[in-house]
Amino acid sequence: MEFEIISSDISTFNTECLVVGIEAKSLLTASAELLDLACEGAIKAVLEDGDITGKTGQCLMLRNLPNIAAKRVLLLGLGEEKKRSDITHKTIIKALFSQLKSNNISDVTIALDDKVNKDGDIYRQLRLSVQQACAGFYQYDETKSTKATPSALKNIRFAVASDQTENAEDGLLDGTAVANGMSIARELGNLPANICTPTYLSKEAQELADGYDSIACEILDEAAMEELGMHSLLSVGHGSIEPSQLIVIKYSGGKPEQKPHVIVGKGVTFDTGGISLKPGSGMDEMKFDMCGAASVMGTMHAIAEMELPINVIGVIAAAENMPSDRATKPGDVITTMSGQTVEVLNTDAEGRLVLCDALTYVERFDPETVIDIATLTGAVIVALGHNTSAVMSNSDALANELISAGDYAADRTWRLPIWDEYQELLDSNFADIANIGGPAAGSITAACFLARFTEKYNWAHLDIAGVAWSKGKEKGATGRAVPILCQYLMNTAADLQSQ
Ligand code: BES
Ligand code: MN
Ligand code: ZN
């Protein structure tokens, strides 16, 4: 698939299908108006007959319009201007690509002006359109014997005003990089846990480093982690035959003296719950418990593709959580790399156990900021559902930056508090801290646990348990939190350059 920006006269442009927008109440967008003029009112005539009214996502395919070079013209409903949002944008792009698919179109030119976003930001419109289009083209077939048929669509052109081409080009490039990162994250998430093991993740990281001069990779095996005293991370993998891995991916796009931003992903490649075994129903979905790690991998790909002028270190704490005679038992006390002891009251609260040691490990990088990304708690789904991730942070500035990055990238997050009064819920009679805090405020106590290991730097935690994958008929990884992470890093790079 090739994306391209053009700014030529759309009425004389040769393409298999030209797409123009119709706003609610049969209003023509500027592009539709221009075409209508060229074809002497043929579009207005169709609107007057009421074939299309411009409802969000409505489609009407026209052929043989006089004086128009395009073979077909697709009228696409954009809905009411004041109701336009990222949700309607998604509906519109989804409807458009499903129409193109059913007409078996291979070459399309899309002239939606700046009408799809509420704010008329062409860069952002392109970013989100490309992201949305690519998301629609992703098909999982790695473990199917019949491979997916590739899409017929080969060329996708966006027509924009000539003074907007530069913005649009940027949006297209960044959109493609983010979309590729999301596809990588989705693929890793979707792979079954008998393929996507901690060792598999480390090989993928190695391959990523082989592909870019700007990326280097270091893998710490169990012996290396033992040496560092990472007994908490190691305790999670004890019950499994798969060795745990700490994967460190270094992207150097900035000056050597620039402090790095660190992203740390939970990479539990399967979470049975361990001895605190989960119920059987829906347990297959715990193969997605490495989606935090997958978004680190996808983000590292994307920033290398965009060549962001900053330094970023991606860390993946990978382990498989299994019950066995070697597994950690409820009541066991372990010593973390930080020296703090933990009473493991529930072996199913394992995400925080792998993350805490990784969070201590990253102190050595003297980081500017550290963000961890994890499918950490079922409780976050109760609090925020399946559209919004949760952010918790020891820095108001970082939390706010993440919230606005998520807004911009259509990967929204919302803050929950981690005030000190929650900390006592983690008190233990047998160790410095317990790994669970009881039924109340489950996502907050999980983050409060992590907060004990992140006091030395600016830190934020994204709980993506509700958003990392879809359930039911559409079951599969979503590629979140790649967009918010990329956006945060892009904003950081832009701030740095404007200084
Ligand atoms: N990976 C799960 C969190 C999870 C559960 C994500 C359901 C998505 C859907 C995590 O390791 C876990 O099991 N958390 C427990 C914590 C509890 C034992 C304190 C949970 O949320 O139930
Ligand atoms: Mn668990
Ligand atoms: Zn888990």
Side-chain angles (χ1 to χ4, degrees), residues 189 193 196 198 201 232-233 235-240 242 244 264-295 316-323 327-332 342-358 372-390 392 416 422 425-428 433-450 461-472 475-478 480-481:
C196 186
L201 286 177
S232 181
L233 195 160
S235 78
V236 173
H238 261 163
S240 169
E242 294 294 339
S244 303
V264 180
K266 171 180 174 184
V268 173
T269 57
F270 197 82
D271 180 14
T272 62
I275 297 297
S276 315
L277 193 64
K278 286 183 180 292
S281 147
M283 206 208 273
D284 65 289
E285 291 184 18
M286 283 300 117
K287 73 170 182 177
F288 296 118
D289 212 17
M290 36 56 72
C291 283
S295 37
I316 290 172
E320 187 181 65
N321 188 19
M322 294 287 280
T328 302
K329 304 167 292 298
D332 284 1
V342 177
E343 185 186 12
V344 182
L345 286 171
N346 190 319
T347 64
D348 197 10
E350 85 299 340
R352 61 201 82 180
L353 296 178
V354 296
L355 287 171
C356 70
D357 278 345
D372 78 75
I373 312 94
T375 49
L376 204 63
T377 62
V380 79
I381 308 173
V382 179
L384 295 173
H386 290 288
N387 297 309
T388 312
S389 62
M392 285 152 271
L416 296 177
Y422 291 103
L425 295 170
L426 294 170
D427 286 351
S428 160
I433 179 174
N435 80 326
I436 55 168
S443 304
I444 292 173
T445 51
C448 284
F449 180 94
L450 298 177
H461 156 65
L462 289 174
D463 194 334
I464 60 166
V467 303
W469 70 92
S470 309
K471 294 163 148 333
K475 193 195 280 181
T478 58
R480 290 176 71 176

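Counting starts at 1 for both ligands and their atoms, in listed order.
- Considering only non-hydrogen atoms, atom 8 (C) of ligand 1 lies nearest to Trp469 out of Phe288, Trp469, Phe449.
- Protein heavy atom closest to atom 7 (C) of ligand 1, with residue, atom name and distance, is Met286 CE, 3.7 Å.
- At distances below 3.5 Å, not a single donor-acceptor pair connects side-chain atoms of Thr375 with backbone N or O atoms of Ile464.
- The Lys278 neighbourhood of ligand 1 comprises atoms 12 (C), 13 (O), with distances under 4.0 Å to a heavy atom of that residue.
- At least one donor-acceptor pair under 3.5 Å links the side chain of Asp332 to the backbone N or O of Lys329.
- Not a single heavy atom of Glu285 sits closer than 4.0 Å to an atom of ligand 1.
- Atoms of ligand 1 lying under 4.0 Å from any heavy atom of Asp348, numbered from 1 in the order shown and given with element: 10 (C), 11 (O), 12 (C), 13 (O), 14 (N).
- Screening residues 461-472 for salt bridge (charged side-chain N to carboxylate O under 4.0 Å, His left out), with sequence neighbours left out, gives Glu285-Lys471.
- For a threshold of 3.5 Å applied to N or O pairs, the pair formed by Asp271 and ligand 1 contains at least one separation below that value.
- Listed by atom number, the atoms of ligand 1 under 4.0 Å from Glu350 heavy atoms are 11 (O).
- For the pair Thr328 (side chain) and Ser235 (backbone), a donor-acceptor distance under 3.5 Å is present.
- Annotation for ligand 1: atoms under 4.0 Å from non-hydrogen atoms of Thr377 are 3 (C), 21 (O).
- For ligand 1, the atoms sitting less than 4.0 Å from at least one non-hydrogen atom of Thr375 are 1 (N), 2 (C), 3 (C), numbered in the order shown with element in parentheses.
- At a cut-off of 2.8 Å, Glu350 is counted among the residues with an N, O or S atom near the Mn ion (ligand 2).
- With a 4.0 Å cut-off on non-hydrogen atoms, Met283 does not touch ligand 1 at all.
- In terms of protein heavy-atom proximity, atom 14 (N) of ligand 1 is closest to Leu376 O, 3.5 Å.
- Asn435 places a side-chain N or O within 3.5 Å of a backbone atom of Asn346 that can act as its donor or acceptor partner.
- Taking any N or O of Asp289, backbone or side chain, at least one lies under 3.5 Å from an N or O belonging to ligand 1.
- Around the Zn ion (ligand 3), protein atoms of type N, O or S found under 2.8 Å number 4.
- Numbered from 1 in the order shown, with element, the atoms of ligand 1 that lie under 4.0 Å from a heavy atom of Ile436 read 19 (C).
- The distance criterion of under 3.5 Å between nitrogen or oxygen atoms is met by Gly378 with respect to ligand 1.
- With ligand atoms numbered from 1 in the order given, ligand 1 contributes 1 (N), 10 (C), 11 (O) to contacts under 4.0 Å with heavy atoms of Lys266.
- In summary, the atoms of ligand 1 found under 4.0 Å from a heavy atom of Asn346, numbered by their order in the structure, are 18 (C).
- With hydrogens and angles left out, the side-chain atoms of Thr272 and Asn321 include no donor and acceptor closer than 3.5 Å.
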